[in-house]
Amino acid sequence: MRIILLGPPGAGKGTQARILTEEYGIVHIAAGDLFRENIKNKTALGQQVEAILKAGTLVPDEITIKMIAARLDQPDCKNGFILDGFPRTVAQAEALEEMLKNKGIALDAAVQMAVDDEALVERVSGRFTCAVCGEGYHDTFKKPHAPDTCDKCGAQGKFTRRADDNAETVRTRLETYHSQTKPILPFYEERGLLKTVDGMAPMKDVTAAILALFGAKKASSQGVQAKKNG
Ligand code: ADP
Ligand code: ADP
Ligand code: ZN
């Protein structure tokens, strides 16, 4: 399974990608996470892109494409992957097409998560993440069950907020999405790969809509259990 998740900042790409990763046993490749990892580790790439992420504009295609190409070369991508936040320009979409062609593989779908612009500032402003396991939360839409404690891994006091998740930068990122990323929708439409789900629905309904696009689960825990038993 090879899927692209397309949508503006706050559309729910990361949230759904994490669920699909567990569902299908494939890797989640988030361009923004890779950049942030490099910034945190103070690599040469990190130093090159730090100011760009802070401003909310796009990292140049050449740098981004090189980073993703290296990631797709890793052996863990062999079983499939979910690309979250890449491609974000037509040049990136073209480069991805070329990369996959050279590997002799194809995309299953590009899933567009359709959301209203007005909802996105609130989505992004209320976002926080567990620094230990990466689980995503929201001040209103997904609060942890116990205050300051991660539901998923139990870590306490480890929630972090992204430096670029403020109302002002979100507006820049939204403009960037409309001017530079939206033009890739026709690119995938022409190739018969574009699927659209309603990203305004509750999280679990969005998950169900995406799963419905791809049919039965690859290896549900029940299915695996049944196989082991019989
Ligand atoms: P969001 O979750 O809000 O969609 P991301 O974590 O995907 O944001 O991206 C954060 C930032 O990283 C972007 O604002 C941009 O500066 C940079 N970035 C991420 N993906 C790309 C890409 N494909 N091309 C260029 N820049 C990117
Ligand atoms: P993206 O990766 O597209 O930028 P995220 O998955 O990080 O978006 O979601 C942004 C914020 O909105 C997070 O705080 C997340 O918990 C919340 N969120 C995600 N999907 C939904 C949804 N369907 N309804 C309400 N809130 C959501
Ligand atoms: Zn956690």
Side-chain angles (χ1 to χ4, degrees), residues 4-20 28-39 48-68 82-93 95-96 111-116 119-144 148-166 169-170 172-177 180-181 184 197-210:
I4 295 176
L5 292 183
L6 297 170
K13 302 181 297 295
T15 300
Q16 298 302 329
R18 286 177 63 82
I19 299 170
L20 295 172
H28 172 199
I29 302 174
D33 286 350
L34 293 174
F35 286 132
R36 282 185 290 277
E37 196 64 31
N38 275 280
I39 293 170
Q48 239 177 328
V49 304
E50 187 165 11
I52 300 173
L53 267 80
K54 205 167 181 186
T57 54
L58 291 183
V59 174
D61 285 334
E62 201 192 326
I63 298 174
T64 308
I65 291 166
K66 208 168 131 196
M67 177 182 75
I68 296 292
I82 300 167
L83 278 171
D84 157 9
F86 182 93
R88 268 183 152 110
T89 63
V90 173
Q92 292 179 13
L96 176 65
V111 180
Q112 180 201 8
M113 307 186 60
V115 276
D116 302 335
L120 296 175
V121 175
E122 189 189 5
R123 285 246 189 123
V124 171
S125 309
R127 163 161 69 187
F128 57 97
T129 306
C130 171
V132 177
C133 73
E135 185 70 0
Y137 293 92
H138 193 279
D139 290 329
T140 308
F141 307 121
K142 188 180 163 189
K143 295 181 191 170
D148 225 21
T149 307
C150 178
D151 295 350
K152 194 105 183 179
C153 75
Q156 283 185 314
K158 294 290 183 189
F159 291 139
T160 58
R161 287 177 195 258
R162 278 167 49 179
D164 60 341
D165 277 353
N166 56 75
T169 311
V170 177
T172 306
R173 284 153 62 200
L174 253 177
E175 281 166 25
T176 306
Y177 175 77
Q180 291 182 261
T181 305
I184 71 179
V197 298
D198 175 13
M200 295 302 295
M203 286 177 218
K204 61 175 182 16
D205 295 352
V206 180
T207 305
I210 298 175

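Both ligands and their constituent atoms are indexed starting at 1 by order of listing. Below, each value reflects all heavy atoms present in this structure, side chains not excepted, and no hydrogens, waters or symmetry copies.
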Is there a nitrogen or oxygen of [X] sitting under 3.5 Å from a nitrogen or oxygen of ligand 1?
| X | value |
| --- | --- |
| Arg127 | yes |
| Gly85 | yes |
| Val59 | yes |

- Message: Could you check whether any heavy atom of Thr57 sits closer than 4.0 Å to an atom of ligand 1, since that is the contact criterion I want to use?
- Response: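 For ligand 1, residue contact (heavy atoms, under 4.0 Å) with Thr57 is present.
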
- Flag, side chain of Lys143 to backbone of His138, donor-acceptor distance under 3.5 Å: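 Flag not set: sc Lys143 to bb His138 has no pair under 3.5 Å.
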
- Task: Look only at the side chain of Lys142 and the backbone of Arg127, and say whether a donor-acceptor pair between them is shorter than 3.5 Å.
- Result: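 Such a contact is absent between Lys142 side chain and Arg127 backbone.
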
Using 0.5 Å steps for rounding, measure from the [atom1] atom of [X] to the [atom2] atom of [Y].
| X | Y | atom1 | atom2 | value |
| --- | --- | --- | --- | --- |
| Arg173 | Leu58 | CZ | CG | 10.5 Å |
| Cys150 | Lys158 | SG | NZ | 12.0 Å |
| Arg18 | Asp84 | CZ | CG | 11.0 Å |
| Thr57 | Gln180 | OG1 | CD | 8.5 Å |

Look at [atom] and say which protein heavy atom is nearest, naming residue and atom and giving the distance to 0.1 Å.
| atom | result |
| --- | --- |
| atom 27 (C) of ligand 1 | Phe35 CE1, 3.6 Å |
| atom 21 (C) of ligand 1 | Arg88 CD, 3.5 Å |
| atom 19 (C) of ligand 2 | Thr15 OG1, 3.5 Å |
| atom 11 (C) of ligand 1 | Leu53 CG, 3.7 Å |
| atom 8 (O) of ligand 2 | Gly12 N, 3.1 Å |

- Classify the contact between Met67 and ligand 1 as side chain, backbone, both or neither, using a heavy-atom distance cut-off of under 4.0 Å.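 Neither; nothing of Met67 gets under 4.0 Å from ligand 1.
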
Compare all side-chain heavy atoms of [X] with those of [Y] and state whether any distance is below 4.5 angstrom.
| X | Y | answer |
| --- | --- | --- |
| Tyr137 | Glu135 | yes |
| Phe35 | Met67 | yes |
| Arg88 | Asp61 | no |
| Ile68 | Ile29 | yes |

Taking only heavy atoms of [X] into account, list the atoms of ligand 2 that are under 4.0 Å away from them.
| X | result |
| --- | --- |
| Pro202 | 23 (N) |
| Gly14 | 1 (P), 2 (O), 6 (O) |
| Tyr137 | 13 (C), 14 (O), 16 (O) |
| Phe141 | 25 (C), 26 (N) |

- Task: Please confirm whether Gly199 comes under 4.0 Å of ligand 2, counting heavy atoms of the residue only.
- Result: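 Contact present.
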
- Query: Below 4.0 Å from any atom of ligand 2, is there a heavy atom belonging to Gly10?
  - Reply: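 For ligand 2, residue contact (heavy atoms, under 4.0 Å) with Gly10 is present.
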
For [X], take its heavy atoms, then give the atoms of ligand 1 lying under 4.0 Å from any of them.
| X | answer |
| --- | --- |
| Lys13 | 4 (O) |
| Gln92 | 22 (C), 23 (N), 24 (N), 25 (C) |
| Thr64 | 22 (C), 23 (N), 24 (N), 25 (C) |
| Arg36 | 6 (O), 10 (C) |

Would you check whether [X] has a nitrogen or oxygen atom less than 3.5 angstrom from a nitrogen or oxygen atom of ligand 2?
| X | value |
| --- | --- |
| Pro9 | no |
| Val124 | no |
| Ala201 | yes |

- Message: Name the residue from Ile65, Thr89, Ile52 that meets the side-chain contact (heavy atoms from CB on, under 4.5 Å) definition with Pro60.
- Response: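 Single side-chain contact (heavy atoms from CB on, under 4.5 Å) partner of Pro60 among Ile65, Thr89, Ile52: Ile52.
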
- Message: Please compare Arg173, Glu135, Arg123 and report which has the shortest non-hydrogen distance to atom 12 (O) of ligand 2.
- Response: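 That would be Arg123.
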
- Task: Would you tell me which option among Lys204, Arg162, Met203 has the nearest heavy-atom contact to atom 18 (N) of ligand 2?
- Result: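 Heavy atom nearest to atom 18 (N) of ligand 2 belongs to Met203.
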
- Where the Zn ion (ligand 3) is the corner point, what angle links SG of Cys130 with SG of Cys150, to 10°?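 Result: 110°, to 10°.
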
- Taking heavy atoms and a distance under 4.0 Å, where does Ala30 meet ligand 2: side chain, backbone, both or neither?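 Within the 4.0 Å criterion, Ala30 makes no contact with ligand 2.
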
- Item | Structural part of Ala17 in contact with ligand 2, heavy atom criterion under 4.0 angstrom |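 Neither; no heavy atom under 4.0 Å.
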
Of the non-hydrogen atoms in [X] and [Y], which two are nearest, and what is the gap between them?
| X | Y | answer |
| --- | --- | --- |
| His28 | Gly14 | CE1-O, 4.2 Å |
| Ala131 | Thr160 | CB-CG2, 3.8 Å |
| Arg123 | Ala11 | NH1-O, 3.2 Å |

- Query: Can a donor-acceptor pair be found between the side chains of Thr207 and Gln16 at a distance below 3.5 Å?
  - Reply: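 Present: a donor and an acceptor within the cut-off.
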
- Distance only, no hydrogens: is a donor on one side chain within 3.5 Å (strictly under) of an acceptor on the other, for Thr169 and Asp164?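 Not at all, the side chains of Thr169 and Asp164 share no donor-acceptor pair under 3.5 Å.
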
